[in-house]
S.K.: 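Dropping a structure here in structure tokens format, bear with me for questions.
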Amino acid sequence: FLLSLKKKWGSVKNAIATNQYSLAEQFVRFDSLPLLPGKTGSAVGVYFFYDFFPVMIQVGVRRSSIFEFIVSVCAIIGGVFAMSSIVDGIIFRSTKLLDTKHD
């Protein structure tokens, strides 16, 4: 199977139109190939099946502002603190539970 997908790279003003191709190899048994008209054997050859998608992917490059960068860094730091507090709580409760079982 040969798949084709349209893509646009770059900004809106300077977009480059390209195509992305994907190939999937498939083995077909010799006896299951289609018959030729008036022949008793199978047709030997290379078969291509094309599949075109009616969608287009547009990939753009946009530079973020310093404010967006600071917000992203704060979000990452906040996520790290949140996950570490969850892990700390789980470890604390499990050690407290194990200590009460030993007594």
Side-chain angles (χ1 to χ4, degrees):
F1 295 102
L2 182 64
L3 305 173
S4 175
L5 183 64
K6 288 184 133 197
K7 270 192 171 184
K8 280 191 177 180
W9 293 89
S11 64
V12 177
K13 295 178 184 177
N14 300 327
I16 299 171
T18 61
N19 291 317
Q20 177 182 348
Y21 297 102
S22 173
L23 177 66
E25 187 176 337
Q26 182 179 7
F27 176 77
V28 178
R29 291 178 45 98
F30 184 74
D31 56 355
S32 66
L33 291 173
L35 296 174
L36 291 174
K39 302 287 183 178
T40 57
S42 296
V44 179
V46 178
Y47 297 95
F48 292 99
F49 298 102
Y50 294 101
D51 194 6
F52 294 99
F53 290 101
V55 295
M56 181 179 64
I57 296 176
Q58 185 165 353
V59 179
V61 178
R62 187 181 67 90
R63 196 168 184 160
S64 61
S65 67
I66 188 72
F67 179 71
E68 290 175 332
F69 175 72
I70 292 171
V71 168
S72 297
V73 169
C74 290
I76 291 170
I77 292 171
V80 168
F81 277 117
M83 289 303 296
S84 63
S85 66
I86 291 171
V87 170
D88 180 53
I90 291 171
I91 291 173
F92 177 75
R93 286 187 184 136
S94 63
T95 56
K96 190 175 180 182
L97 183 66
L98 289 174
D99 284 342
T100 57
K101 286 187 176 182
H102 284 251
D103 292 337

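Only this structure's heavy atoms are used, side chains among them; waters, hydrogens and symmetry mates stay out.
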S.K.: Please report the closest heavy-atom contact between Ala82 and Ser85, naming both atoms and the distance.
M.R.: O-OG, 2.7 Å
S.K.: Are Val80 and Ile90 connected in a single hydrophobic cluster, I mean Ile/Leu/Val/Met/Phe/Trp/Tyr linked by side-chain heavy atoms less than 4.5 Å apart?
M.R.: no
S.K.: Under the side-chain contact (heavy atoms from CB on, under 4.5 Å) test, which residues partner Val87, sequence neighbours left out?
M.R.: Ile91
S.K.: Is it possible for you to say whether Ile66 and Ile77 belong to one hydrophobic cluster, with membership spreading through side-chain heavy-atom contacts below 4.5 Å?
M.R.: yes
S.K.: State yes or no: do Ile70 and Ile76 share one hydrophobic cluster built from I, L, V, M, F, W and Y residues joined by side-chain heavy-atom distances below 4.5 Å, directly or via other members?
M.R.: no
S.K.: Would you please name every residue forming a side-chain contact (heavy atoms from CB on, under 4.5 Å) with Phe92, sequence neighbours left out?
M.R.: Lys96
